[in-house]
Amino acid sequence: MTWMIYGASGYTGRLVADLALDRGERPVLAGRSPAKIAAFATPRGLPYRVFDLGDPDAVAEGLRGIDVVAHCAGPFSVTSAPMVEGCLRAGAHYLDITGEIDVFEAVFARHEDARRAGVVLLPGSGFDVVPTDCLAAMVAAGLPTATHLDLAFHTSGGISGGTLKSALEGAALGGRARVDGEVCAVPLAWRRREIPFPSGPRRVTSLPWGDVSTAYRSTGIGNITTFAQLPGLDRTGRRSTRLSQVVMGSHVVQRLGKAAIGAVVRGPGRVTRSRSWVEVYAEATAPDGTNVTAALIGPDTYDLTADAVLRAVHSLSAEPPTPGAHTPSTAFGADFVRRLHGVKIIEPTRR
C-alpha cells in the first residue's frame, strides 16, 4: 500500500508523519509549499510531492499511484472538496481530520459517487469525531428506542492554529443541533447541563461540533446536541452570542483573525501533550426516560488524532468497508476507539 499525508508540513500533519515513522511506516508527504515540504521530508528520508488543490490536473498527477490519502490540510471548508474530487478520480480512499459540520454534510453528499468509484470517504478520522462517534454508536446499540443523544467532552492542553482557524469560521455560523432529523440553526449556548465525566461532574455548554452531522448517520437518532466545557461560555446570554456571531461573520474579522493565528499559534509541544487528556461522555435517551450512558478517558487530543489516522489508514488497507461515505463507527465498528493507545472505556450503563 502507498499512502499519502497531504498537509504534512502543518502541525497535525507533522505529528501523523512522525508517528508513522516511529511505527516503521514510510508515507508519501505532500503539500502546496515546496520549501516547507522539502524541509520536513528530506531530513526524514521520506518521499514527497508538491501540488496545489486549486489545480485539478495537478491533483490528479499528485495522487497517481496513491491508495489512501490522509488529508490534514485545513481549513477543510476550502480544501476538502477538491481533495475528495481528486480521490474519486484517482480511485484513492480519502480520510481527513475535520470537525466542521458543513464539510461532513458535503462529503456525505458524495456517497453515491464514492460507491460507484469503489472509494471510501471517511471524514473526521481524528478528534473529536472518532471517540464521540464510537461512544454514540455504543449507547445507541444499547437503547434502540432512543430519540435524543447528548455528546460532551472536555480537554486540557493546547490547541493548533488550524483548529483555531476552523473554530473562527464556525463562530460566524452560530449554534447548530440536529432536531427531528435535520441540522438546524440554534442560538450558540442554547443548552447548558451538568455532565458526570469520569473525573467528576462539570458544567458544559452546547456548541456546533461535527457529531451533529456524523452521529445521525451512525445511530439514526434524530435529536442530537453536542457540548463542551469552555470557561465563560456558560455565562453567555443569547443577545451577546448573536452580537458575537455578527462580528465573527465579518470578512475583515475573519481575515485578520486567521492572519494573527497563523503568526502566533504553533500548537502544543510534546511535554504539554504528555500532560494532557480528554474525557468524552455520551447519553442516549428514549421517550419513556430510559437512558444509556458511556464515557471514555483518552490521551491528548492531537496524539489521539495521529494514532486514529494511522489506524484508519491501515484498516482501509486491510479491511476496507463497503465503498461510500462513512463515519468512523460505520466504517470500522463502534469498537474502533478501543484500538487507540491510552483509551479507557467506561462501559455503557442503562438506567
Side-chain angles (χ1 to χ4, degrees), residues 1-14 16-17 20-21 25-42 44-98 100 102-126 162 165-166 309-310 312-328 331:
M1 179 188 67
T2 302
W3 66 285
M4 170 183 286
I5 303 169
Y6 188 87
S9 63
Y11 178 79
T12 305
R14 294 196 305 269
V16 174
L21 275 173
E25 300 289 328
R26 292 186 55 79
V28 177
L29 307 185
R32 64 186 179 91
S33 170
K36 290 181 179 180
I37 289 297
F40 183 70
T42 301
R44 292 163 173 78
L46 292 175
Y48 67 91
R49 302 179 186 182
V50 179
F51 57 95
D52 193 315
L53 296 180
D55 183 345
D57 292 335
V59 175
E61 181 62 28
L63 296 182
R64 186 184 299 275
I66 298 296
D67 300 303
V68 181
V69 174
H71 181 44
C72 299
F76 296 96
S77 58
V78 175
T79 66
S80 174
M83 182 59 86
V84 166
E85 182 63 30
C87 287
L88 292 175
R89 294 183 180 184
H93 298 313
Y94 166 96
L95 62 86
D96 69 29
I97 53 171
T98 189
E100 301 165 51
D102 290 337
V103 174
F104 284 114
E105 292 294 295
V107 174
F108 293 143
R110 304 299 304 269
H111 173 76
E112 287 300 322
D113 296 332
R115 188 182 60 79
R116 286 191 292 268
V119 165
V120 174
L121 302 179
L122 184 59
S125 296
K165 289 178 182 179
S166 294
V309 166
L310 286 183
V313 166
H314 284 281
S315 293
L316 286 174
S317 174
E319 45 180 325
T322 303
H326 284 272
T327 72

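The structure displayed is predicted, hence computed values, not measured ones. Values below: all heavy atoms of this structure, side chains included; hydrogens, waters and symmetry mates excluded.
Taking the six-membered ring where tryptophan is involved, the planes of Tyr94 and His71 are tilted, since the angle between them lies from 30° to 60°.
Judged purely by atom type and a 3.5 angstrom limit, Asp96 uses its side chain to pair as donor or acceptor with the backbone of Gly124. Side chain of Asp55 to backbone of Ala58: a donor-acceptor contact under 3.5 angstrom is found. Counting only distance, with no hydrogens or angles, the side chain of Thr79 and the backbone of Ala73 share a donor-acceptor pair below 3.5 Å.
To the nearest 0.5 Å, atoms CD1 (Ile37) and CG (Leu46) are separated by 10.5 Å.
Identified under the salt bridge (Lys or Arg N to Asp or Glu O under 4.0 Å) test for residues 62-83, with sequence neighbours left out: Glu61-Arg64.
No side-chain donor-acceptor contact under 3.5 Å links Glu319 and His314.
The side-chain hydrogen bond (donor to acceptor under 3.5 Å, both in side chains) test applied to His111 returns no partner, not counting sequence neighbours. For Arg44, the side-chain hydrogen bond (donor to acceptor under 3.5 Å, both in side chains) partners two or more places apart in sequence, or in a different chain, are Asp18.
Counting heavy atoms from C-beta on, the side chains of Leu316 and Trp3 never come closer than 4.5 Å. At a threshold of 4.5 Å between non-hydrogen side-chain atoms, the residues Val28 and Arg49 count as touching. Val69 is not listed as a side-chain neighbour of Leu95, based on a closest heavy-atom distance of 4.5 Å or more.
Side-chain rings of Tyr48 and Phe40 stay apart, their centers remaining 6.0 Å or farther from each other.
Environment of CZ in Arg110: crowded, with over 12 heavy atoms of neighbouring residues, nucleotides or ligands closer than 6.0 Å.
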